[in-house]
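Here is the structure we will look at, set down as structure tokens.
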Amino acid sequence: MRVQHRHIIYVQGYDPRGLAQYYRMFRTELRKFGRLYQLNATISRPQASPDGETASWSIETRAGDWQTRTAYDFLRFEDLIQRDLAAPIWSTVFHAMWIYWRLVFRGTIARFWRAHWRFATFITYPHFLLFLEALGSFGIAFGFARGLQALGVPDLFGMAAAAALFVAVLGTVLKYTENSTYLLYLLSDTIWTWEFSHRQRPEWDARIDRFAQYLVDVARSSDAEEIVVVGHSSGSFLGTEILARALRLDPDLGRHGPRIVLLTIGGNFPIVGFHAASQDFRDDLRLLAVEPSIDWIDCQSRKDVMNFYPFDPIAGHGIDVGAIRRNPTIVPVRFREIIRPEHYNLFRWQFFRVHFQFVMANERPHAYDFFMIVCGPIPLSDRMARPEEALAIATGDANAREWAWKRLESADTGPADAAELGEMEPSARRRG
């Protein structure tokens, strides 16, 4: 099947920048995509829904022997995230510290270490940095107190003044270094993830329910050949919940209308799924693992410390569905292969920049290419199952493209038999 019309439903992660900056980045990266593959891609202006919870735009892409039309929906959470970040500094600090040490004493941090030590290091980073900043502030306050003591100031007054100085210095450091450390943002993320996992964020649950209904409505009315639900970063588990809830609203969701594919990229499922209170989420994973009408592709990168690599979202949560398992297909992505060496070496230690490479344009043609997934003519499941053919269609000459299309069209691209998939070891379901 050649895709002429695709519908993307993009689920953002815990990113306060929201629509405006995402759209600007998307438009810039789309231009780079066009230059890389020497094709023409045009994008419309975003249009917000009346309730402001979604925004949509369209992309028209034309190459030598194919063209596509993409409807792109951006599901918005930035208003809820910005509300979190507006909380008082000290409230954020003490709440996040309380949560982190609960994770330590309950063994959850240890489970993170066993699943992916780099992510465990990353989630510990803001607390370590907070300790260093507090230590420096304490040193300044201690020196100030000794100075007051040398001047003959009473000890009680000196201690009170030093304590006030400590609070003022640490608060100032936290506030004015935030743009370089992201410490308060990461602490807010810790709080949100904990509360979301324990179902203490009803406003998030209500919006996810509305997005699930939106997906059901799109699937019933769209004339697209495929609908791809994309979840990046924390959007991976949000997108999973949206799709699982949509399936409960309409159990035939993937059996009528467009083919529905879940694409999770840079995912961090365990930060929700490893909590004992998250049984509902693990039930969602179990549902998607066996659903024959849905394809789920999970892309992971070792270089990205903000996702779990390597990690099986099903077995890694202790979920065993036996022979009927068919999802997800796990696809390793090497950013070194899609970025030119001189640029890769510039940002390889910039963790947020690396994390966003999943949704940015390639600098080298590759089977994993976010904008080819969004704009290209090959269905996503076929692209991941047949990477050589996908690359030939993007970059080959006329003969290579003809060969690739014949290979794709002659392949058995329908859903595999569940029993056959279940007999495969988890590693056999990996691509790359």
Side-chain angles (χ1 to χ4, degrees), residues 1-8 29-42 59-70 72 224-228 230 258-263 265 294-301 326-340 357-417 420-421 424 428-432:
M1 178 182 71
R2 303 192 189 197
V3 175
Q4 294 181 308
H5 180 201
R6 176 182 290 109
H7 199 126
I8 301 289
E29 299 301 309
L30 182 68
R31 292 168 182 161
K32 295 178 183 178
F33 161 71
R35 290 194 295 269
L36 176 63
Y37 293 102
Q38 299 182 358
L39 50 78
N40 182 50
T42 58
I59 307 126
E60 300 280 347
T61 309
R62 293 181 177 83
D65 55 358
W66 58 266
Q67 65 180 44
T68 62
R69 172 171 54 95
T70 304
Y72 201 99
E225 284 89 16
E226 72 172 358
I227 296 172
V228 182
V230 180
R259 182 72 180 175
I260 296 178
V261 185
L262 173 64
L263 172 64
I265 46 182
I294 302 292
D295 290 335
W296 175 8
I297 310 294
D298 182 51
C299 295
Q300 309 173 1
S301 175
R326 66 177 312 276
N327 281 317
T329 297
I330 301 172
V331 181
V333 177
R334 297 192 66 195
F335 292 147
R336 187 186 294 275
E337 296 176 351
I338 66 179
I339 299 297
R340 293 199 298 269
Q357 184 57 53
F358 279 109
V359 294
M360 298 175 74
N362 288 15
E363 294 182 346
R364 293 174 163 181
H366 193 271
Y368 179 85
D369 187 312
F370 180 71
F371 283 86
M372 270 297 182
I373 290 170
V374 170
C375 301
I378 303 174
L380 176 55
S381 298
D382 293 354
R383 166 174 292 279
M384 295 307 179
R386 301 271 181 170
E388 292 182 8
E389 288 84 342
L391 195 57
I393 289 170
T395 62
D397 59 20
N399 289 334
R401 294 196 301 273
E402 182 180 2
W403 165 83
W405 278 120
K406 286 181 178 178
R407 290 267 297 180
L408 286 173
E409 290 165 358
S410 64
D412 179 13
T413 57
D417 180 75
E420 177 185 348
L421 282 165
M424 300 164 63
R429 284 191 286 269
R430 303 173 71 93
R431 304 290 185 190

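FYI, side chains are in, hydrogens and waters are out, and symmetry mates aren't considered; it's all heavy atoms of this structure.
- Using a 4.5 Å cut-off on side-chain heavy atoms (C-beta onward), W405 and P377 make contact.
- Environment of CD in Q4: sparse, with no more than 12 heavy atoms of neighbouring residues, nucleotides or ligands closer than 6.0 Å.
- Around atom CZ of R334, no more than 12 heavy atoms belonging to other residues, nucleotides or ligands sit under 6.0 Å away.
- With sequence neighbours left out, E388 forms a salt bridge (charged side-chain N to carboxylate O under 4.0 Å, His left out) with no residue at all.
- Looking at V228, I227, D295 one by one, the single match for side-chain contact (heavy atoms from CB on, under 4.5 Å) with I260 turns out to be I227.
- Here T68 contributes atom OG1 and E60 contributes atom CD; the two are 7.5 Å apart, rounded to the nearest 0.5 Å.
- Rounded to the nearest 0.5 Å, atoms CZ (R364) and CD1 (I339) are 9.0 Å apart.
- For the pair V374/F33, no side-chain contact is recorded, criterion being any heavy-atom separation below 4.5 Å from C-beta on.
- Formation of a donor-acceptor pair under 3.5 Å by the R6 side chain with backbone atoms of I378 is found in this model.
- The two residues C375 and T61 make their nearest non-hydrogen contact at CB-OG1, 3.3 Å.
- In this structure, R401 contributes its side chain and G396 its backbone to a donor-acceptor pair below 3.5 Å.
- In this structure a side-chain-to-backbone donor-acceptor pair under 3.5 Å is missing from D298 to P328.
- Closest heavy-atom contact between L408 and E389: CG-CB, 4.1 Å.
- Here OG1 of T42 is found 8.0 Å from CG of L30. Values are rounded to the nearest 0.5 Å.
- Counting all heavy atoms, side chain and backbone alike, L380 lies closest to E226 at N-OE1, 3.3 Å.
- Proximity of K32 to E363: side-chain heavy atoms (C-beta onward) are nowhere separated by under 4.5 Å.
- The structure places OG1 of T395 at 11.0 Å from CD of Q38, a figure rounded to the nearest 0.5 Å.
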R2 and E225: CA distance, side-chain angles, deciding distance, salt bridge (Lys or Arg N to Asp or Glu O under 4.0 Å) verdict: CA-CA 9 Å; R2 303 192 189 197; E225 284 89 16; over 6 Å; no
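- The minimum heavy-atom distance linking R383 with A390 is given by the pair NH1-CB, 3.8 Å.
- No option in I338, N362, V230 other than V230 meets the side-chain contact (heavy atoms from CB on, under 4.5 Å) test with F370.
- We find the CD1-CG distance between I297 and L263 to be 7.5 Å, quoted to the nearest 0.5 Å.
- Here the shortest heavy-atom pairing between C299 and M384 reads SG-CE, 4.1 Å.
- Note that CG of D382 is 9.5 Å distant from CD1 of I393, once rounded to the nearest 0.5 Å.
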- prompt: So V331 and Y368, side-chain contact (heavy atoms from CB on, under 4.5 Å) or not? Walk me through it.
  reply: CA-CA 9 Å; V331 181; Y368 179 85; 5.7 Å; no
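- Here the closest heavy-atom approach between residue W66 and residue M372 is recorded as CZ2-CE, 4.1 Å.
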task: Show your reasoning for whether side-chain contact (heavy atoms from CB on, under 4.5 Å) applies to L36 and F371.
output: CA-CA 11 Å; L36 176 63; F371 283 86; over 6 Å; no
